[in-house]
Amino acid sequence: MKRFADEIRAAIAAATGIDAAAVRLEKPRDIAMGDFAFPCFVLAKELKQAPPAIAADLAGKLNEDFSNIQAVATGPYLNFKVEVAALSQAVVEGAIAGGNQYGQSDEGAGRRVVIDFSSPNIAKPMHVGHLRSTILGASLHRMHALLGYEPVGINHIGDWGSQFGKLVAAIARWGDTVDIDADPIPALLKLYVRFHDEAEGDPTLEEEARTAFRELESGVEGDVRETWRKITELSLAEFNKTYERLGVEFDLVRGEAWYEDKLTSTLDRIEASGVTEESDGATIVDLTSIRKKMAPCLLKKTDGTTLYATRDMAALFSRHDEFDFHRLLWVVGSDQNLHFEQLKGVLKRMELPWEPACEHVSFGMMRLPEGKLSTRAGKVVFLGDVLDRAVEEARRTIAEKNPDLANAELVAEQVGVGAIVFNDLKRERIKDVVFKWDEVLSFEGETGPYAQYTFARMQSILRKAKASGEEAATTGAAPDWSALEDARGVILCLGRYPDAIRTAAAEAEPSHLTQFILNLCRETNSWYANHRVLGEAPELTAARLALVEAASSVVRAGLTMLGVPAPQEM
RNA sequence: GCGCCCGUAGCUCAGCUGGAUAGAGCGCCUGCCUCCGGAGCAGGAGGUCACAGGUUCGAAUCCUGUCGGGCGCACCA
């Protein structure tokens, strides 16, 4: 596919004298018009000619040199159509050969991309709001790997802060009223909520919490540190169960606590660059030179202790020093837009050249129809419950539509979890989401199960072909590539997959890929509703089988990038 | 109050970074299984791209303002 585009670009460049890399080819409005379009407006000024005249002129010139591409001028546009056999064979064979690695490239060779994602807080259950960061980050990790980058996925666990003092104090008081070992997270949450309820009427509680956190901060080994460590381990074990269901892995799990002993050197580093100043007794970095009215970055409190921003600066320097990244992606919600703008602002003021490499991959907030999520107030939907209910729904659908399915339980898990993941990666990440059960549990239309179903049906055809010995290799018939004109839409779509991956990774926007998959599924479903694959003339069946193999392979490859499983049957 | 983001069909969203007649899904209406899986396919109704200006050959897309919604705004994380 790319090679045809390159040939067209080169030809236009040669005929007009403009740079081949600057020739932007578009997708024609209607597939009947062609495979690529070149709007001639851009040349009008330079050539002092009307766009339609340029198009007509160029069409004549270019057609003299093309062998299997035809250029047609339609008004101000120059449309190109590749001869069907050449196009089909190149795209279909390329897609099949690529397999799950289709679209891979070496653009990222020798370049490291650090991706900070998921980052749950210890001792609290993961809720639907944690889903977005987790699966956005995981899919960006996979896509960058495909493009040849060396991704480093980091789970920056929230395991530090005064709330752990509260938790330790609560455990000391009421630890024996709950069974922490049996089901740790709900038990810890209960204690945490109780602390807040009772602290209002009991000031000694707050004091106990402060004392506990001071001890924790001091670094001494003792009961407090022991309790904190236990909470962390139990929580991580719980999180890992969820990560496993979602197919998410990290290269490094490193909590905020890890940066505790690097705070002084971090402050020294920033102060040494001369960008800090005193303000009301606190140490800040003024950022009004970065953007008018931007709030300053607060690095040290009046009492000399550090803050969230200080810890994140420490983490940031550590990422840079340790990984020497080409790109750093913070996959964190849009409620922290200012925070990350401030971190970047500090880097800018320090005049560090790698500042532009740091990107806040911001995403919209998850809300409930009745308002903001709040774990403490009980206004929350837990992630585990969402996955469970989706799997339950999948189980029910399977029982109804395919009761004899082998591995029904495994497939139900794949379909249910896949539906949740796909749904969340469907829209542009910046958009806020209102959580609605009937929406996430829907398996029809633009959903994960729709894509999985498309894949399963194509696999079914391939299985039948194998069983009846009609596979191309078995019969020895050479595919008649010229017979795939009626599948041009599918083929063009397949050819655009590498671009979809590249764009999705470059913009840190997996929804581009999700939308691509939906498009491809629509095209293929529409095509094979009207065309038979098996039982046609051998050359025709061979070509259509190859197409089905390519299409199913690309659907699977795309779903794999998103972290959505593709079962053979469902 | 100030800052950042969002506003496209009844609802949920695409729209290739300024190009041709603005597209899907859900819901509603109508067709399609003696034929490779109906979690599907085909068709219909449904639009002042929030509103008003501007930029230019051309604007849903860029700029300004207004309205509506979300988030944030120093010693929490």
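All values below come from the heavy atoms of this structure, side chains included, with hydrogens, waters and symmetry mates left out. Convention: sequence-line order gives letters A, B, ...; per-chain numbering from 1. No experiment lies behind these values; they were computed from the predicted model shown.
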From the options A39(B), C76(B), U12(B), select the nucleotide whose nearest atom is closest to the side chain of Arg427(A).
U12(B)
Please classify the nucleic acid contact of Ser334(A) as base, sugar-phosphate, or nothing, using heavy-atom distances under 4.0 Å.
sugar-phosphate
Between C4(B), U17(B), A20(B), spot the one nearest the side chain of Ala37(A), thanks.
A20(B)
Pick the P atom in A59(B) and in U21(B), then give their distance to the nearest Å.
11 Å
Counting distance alone, no hydrogens or angles: does the base of A39(B) have a donor or acceptor under 3.5 Å from a partner atom on the side chain of Thr454(A)?
no
Given G3(B), A14(B), G37(B), the nucleotide with the shortest approach to the side chain of Ala456(A):
G37(B)
Between C1' of U12(B) and CD of Gln515(A), the distance in whole Å:
11 Å
Check: protein-nucleotides 23-28 of chain B nitrogen or oxygen pairs below 3.5 Å:
| from | atom 1 | to | atom 2 | distance (Å) |
| --- | --- | --- | --- | --- |
| G23(B) | OP1 | Arg29(A) | NH1 | 3.2 |
| G23(B) | OP1 | Arg29(A) | NH2 | 2.6 |
| A24(B) | O2' | Glu446(A) | OE2 | 2.7 |
| A24(B) | O2' | Arg522(A) | NH1 | 2.4 |
| G25(B) | O4' | Glu446(A) | OE2 | 3.4 |
| G25(B) | O2' | Glu446(A) | N | 3.2 |

Out of A20(B), A77(B), C13(B), minimum distance to the side chain of Gln163(A) belongs to A77(B)
According to the interplanar angle, ranging from 0 to 90°, do the rings of Tyr192(A) and His196(A) count as parallel (below 30°), tilted (30 to 60°) or perpendicular (above 60°)?
perpendicular
Who does C33(B) pair with, Watson-Crick or G-U, both distances under 3.5 Å?
none
Closest nucleotide among G37(B), A20(B), C71(B) to the Pro28(A) side chain
A20(B)
Does a salt bridge link Arg427(A) with Glu439(A), judged by any charged N lying under 4.0 Å from a carboxylate O?
yes
Classify Lys27(A) by what it touches in the nucleic acid, base, sugar-phosphate, or nothing, heavy-atom distance under 4.0 Å.
base
Starting at atom OH of Tyr497(A), determine the distance to atom P of C16(B), rounded to an integer number of angstrom.
21 Å
If A50(B) has a Watson-Crick or G-U wobble mate with both distances under 3.5 Å, name it; if not, just say none.
U66(B)
Of the nucleotides C71(B), A39(B), U17(B), which one has an atom closest to the side chain of Lys372(A)?
C71(B)
note: Asp432(A), atom CG; C4(B), atom P; distance rounded to Å ~ 17 Å
Asp438(A) near the nucleic acid: base, sugar-phosphate alone, or nothing, with a heavy-atom cut-off under 4.0 Å?
nothing
Taking atom CD of Glu200(A) as the centre, does the number of heavy atoms from other residues, nucleotides or ligands within less than 6.0 Å exceed 12?
no
G58(B) pairs with, by Watson-Crick or G-U criteria that keep both distances under 3.5 Å
none
Where do N or O atoms of nucleotides 60-68 of chain B meet protein N or O atoms at under 3.5 Å, pair by pair?
none

To the nearest Å, how far apart are Arg457(A) CZ and C33(B) P?
15 Å
Give one of base, sugar-phosphate or nothing for Met458(A), where a contact means two heavy atoms less than 4.0 Å apart.
nothing
Choose from G7(B), G37(B), A77(B) the nucleotide whose nearest atom is closest to any side-chain atom of Glu569(A).
G37(B)
Taking C13(B), A42(B), A74(B) as options, the one with an atom nearest any side-chain atom of Ser526(A) is A42(B)
Checking all strands, does Lys431(A) fall into the base, sugar-phosphate, or nothing category for heavy-atom contacts under 4.0 angstrom?
sugar-phosphate
Contact class for Ser279(A) (heavy atom, under 4.0 Å): base, sugar-phosphate, or nothing?
base
With heavy atoms under 4.0 Å as the rule, sort Ile284(A) into base, sugar-phosphate or nothing.
base
Check whether any side-chain heavy atom of Val332(A) sits under 4.5 Å from a side-chain heavy atom of Phe340(A), and report yes or no.
yes
Return the orientation label for the Tyr308(A) and His339(A) ring planes: parallel under 30°, perpendicular over 60°, tilted otherwise.
parallel
Expressed as a whole number of Å, how far does the C1' atom of G7(B) sit from that of C76(B)?
32 Å
What's Asp280(A) touching, base or sugar-phosphate or nothing? Going by heavy atoms closer than 4.0 Å.
base
Taking atom P of C5(B) as reference, at what distance in whole Å does atom CZ of Arg429(A) sit?
13 Å
U12(B), U17(B), G15(B): which one has an atom nearest the side-chain heavy atoms of His512(A)?
G15(B)
Atom P, compared across G27(B) and G23(B): separation rounded to whole Å
22 Å
Test item: Ile491(A) and Trp527(A) side chains (from C-beta on) under 4.5 Å apart, heavy atoms:
no
Which pairs count as ring pair (Phe, Tyr, Trp, His ring centres under 6.0 Å) when at least one residue sits in residues 397-436 of chain A, sequence neighbours excluded?
Phe435(A)-Trp437(A)
Tyr450(A) near the nucleic acid: base, sugar-phosphate alone, or nothing, with a heavy-atom cut-off under 4.0 Å?
sugar-phosphate
Considering only G7(B), A77(B), G40(B), which nucleotide approaches the side chain of Tyr453(A) most closely?
G40(B)
For nucleotides C5(B) and C16(B), find the distance between their C1' atoms and express it as a whole number of Å.
23 Å
Base, sugar-phosphate, or nothing for Ile398(A), non-hydrogen atoms under 4.0 angstrom?
base
G1(B) pairs with, by Watson-Crick or G-U criteria that keep both distances under 3.5 Å
C73(B)
Classify the side chain of Asn525(A) versus the base of A39(B) as yes if they form a donor-acceptor pair under 3.5 Å and no if they do not.
no
